[in-house]
Amino acid sequence: MYNYRDLIVWQKAMNLVETTYRITSDFPSEEKYGIVSQIRRSAVSIPSNIAEGAGRNSKKSFRSFLEITNGSINELKTQLEISNRIGYLDNDVLTTLFDNCDEVQKITVALIKKYSTS
């Protein structure tokens, strides 16, 4: 249906993944299989679902994957909030990550609305 690499939302989601990986590399090593793994999987699922949905042959399927993407963004934001509360992320880093999440989420929600009416 679409070349996912051309989608701005996918590009921004990929940037979010890179940032998330860089930031979580500073987490305590004992969290490698805990919160770090959860955060990274959530982040990776965002552009992955956009790409998978874009490759489907219907707007309805694409919308479904965008809805899953939206859920993954909320999951990531929750895990980042937990990381902040337990002292792994400072407030400035959390704010930056939330801003990046919100940017991807706004585009995702706009696309969901677009494909709900067509």
Side-chain angles (χ1 to χ4, degrees):
M1 192 167 126
Y2 299 103
N3 180 348
Y4 66 91
R5 296 179 65 133
D6 291 337
L7 297 171
I8 298 296
V9 68
W10 180 84
Q11 294 167 14
K12 289 183 181 292
M14 290 295 289
N15 291 338
L16 178 60
V17 171
E18 288 179 56
T19 302
T20 301
Y21 265 74
R22 276 196 298 279
I23 287 168
T24 56
S25 68
D26 293 334
F27 280 32
S29 59
E30 66 266 13
E31 287 295 344
K32 181 178 181 181
Y33 299 107
I35 194 78
V36 170
S37 177
Q38 289 289 328
I39 288 171
R40 289 179 173 183
R41 278 186 280 155
S42 294
V44 166
S45 74
I46 296 166
S48 299
N49 280 304
I50 293 166
E52 186 171 356
R56 299 296 173 126
N57 289 327
S58 78
K59 292 176 183 179
K60 184 178 179 181
S61 288
F62 187 34
R63 185 184 73 232
S64 252
F65 278 94
L66 290 170
E67 289 168 347
I68 294 167
T69 298
N70 194 42
S72 294
I73 295 168
N74 288 337
E75 181 179 6
L76 175 60
K77 288 167 80 173
T78 298
Q79 294 158 356
L80 294 171
E81 176 75 25
I82 292 166
S83 298
N84 174 259
R85 288 180 179 212
I86 61 178
Y88 295 159
L89 283 179
D90 67 33
N91 289 335
D92 291 338
V93 174
L94 180 66
T95 299
T96 299
L97 286 167
F98 269 24
D99 289 346
N100 293 341
C101 287
D102 290 345
E103 186 177 14
V104 173
Q105 198 160 39
K106 284 177 187 172
I107 299 169
T108 301
V109 168
L111 288 170
I112 290 168
K113 287 179 183 175
K114 176 181 177 180
Y115 293 117
S116 293
T117 58
S118 41

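Only a predicted model underlies this, so the values are computations on that prediction, with no experimental measurement involved.
- Between Tyr4 and Trp10, the two ring planes are perpendicular [angle over 60°; tilted spans 30° to 60°].
- Cluster annotation: Val104 and Ile112 are assigned to the same hydrophobic cluster (Ile/Leu/Val/Met/Phe/Trp/Tyr, side-chain heavy-atom contacts under 4.5 Å, transitive).
- Contact check on Glu81 versus Lys77 returns no salt bridge, with no Lys/Arg side-chain nitrogen under 4.0 Å from an Asp/Glu carboxylate oxygen.
- One hydrophobic cluster, built from ILVMFWY side chains closer than 4.5 Å, holds both Phe98 and Val93.
- Annotation: the span from Ile46 atom CD1 to Leu66 atom CG amounts to 12.0 Å, rounded to 0.5 Å.
- A distance of 3.5 Å separates CD in Glu52 from CZ in Phe65, rounded to the nearest 0.5 Å.
- Linking ILVMFWY residues whenever their side-chain heavy atoms come closer than 4.5 Å, directly or via other members, leaves Phe27 and Tyr33 in distinct clusters.
- Both Ile107 and Met14 belong to a single network of hydrophobic side chains, linked directly or stepwise wherever heavy atoms of I, L, V, M, F, W or Y lie under 4.5 Å apart.
- Here the shortest heavy-atom pairing between Cys101 and Leu76 reads SG-CD2, 3.8 Å.
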Tyr88/Ile82 under side-chain contact (heavy atoms from CB on, under 4.5 Å): CA gap, chis, key distance, verdict: CA-CA 9 Å; Tyr88 295 159; Ile82 292 166; over 6 Å; no

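- Proximity of Asn49 to Glu67: side-chain heavy atoms (C-beta onward) are nowhere separated by under 4.5 Å.
- Glu75 is listed as a side-chain neighbour of Gln38, based on a closest heavy-atom distance under 4.5 Å.
- Connection of Val44 to Ile23 is not established within any shared hydrophobic cluster, with ILVMFWY side chains joined at heavy-atom distances below 4.5 Å, either directly or through further cluster members.
- Of all heavy-atom pairs spanning Ile39 and Gln79, the tightest one is CA-OE1, 3.3 Å.
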Given side-chain contact (heavy atoms from CB on, under 4.5 Å), test Leu89 with Leu97 step by step and report yes or no. CA-CA 10 Å; Leu89 283 179; Leu97 286 167; 4.1 Å; yes

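- Between Ile50 atom CD1 and Ile8 atom CD1 the span is 11.5 Å, to the nearest 0.5 Å.
- Considering every non-hydrogen atom in both Gly53 and Phe62, the closest pair reads C-CD1, 3.3 Å.
- Separating the OH atom in Tyr115 from the OG atom in Ser61 is a distance of 12.5 Å, to the nearest 0.5 Å.
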Verify side-chain contact (heavy atoms from CB on, under 4.5 Å) between Thr69 and Ile73, making sure each step is shown before the conclusion. CA-CA 6 Å; Thr69 298; Ile73 295 168; 4.2 Å; yes

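- Heavy atoms only, all atoms of each residue included: Ser83 and Ile35 are closest at OG-CG1, 3.5 Å.
- Between Asn84 and Asn91, the closest heavy-atom pair is ND2-OD1, 3.0 Å.
- For the atom pair Arg40 CZ and Thr20 OG1, the distance stands at 9.0 Å (nearest 0.5 Å).
- Put simply, the side chain of Ser37 never gets that close to the backbone of Gly34: no donor and acceptor are under 3.5 Å apart.
- Donor-acceptor pairing under 3.5 Å is lacking for the side chains of Ser45 and Arg41.
- Ser64 contributes atom OG, which lies 9.0 Å from atom CZ of Arg56 (distance to the nearest 0.5 angstrom).
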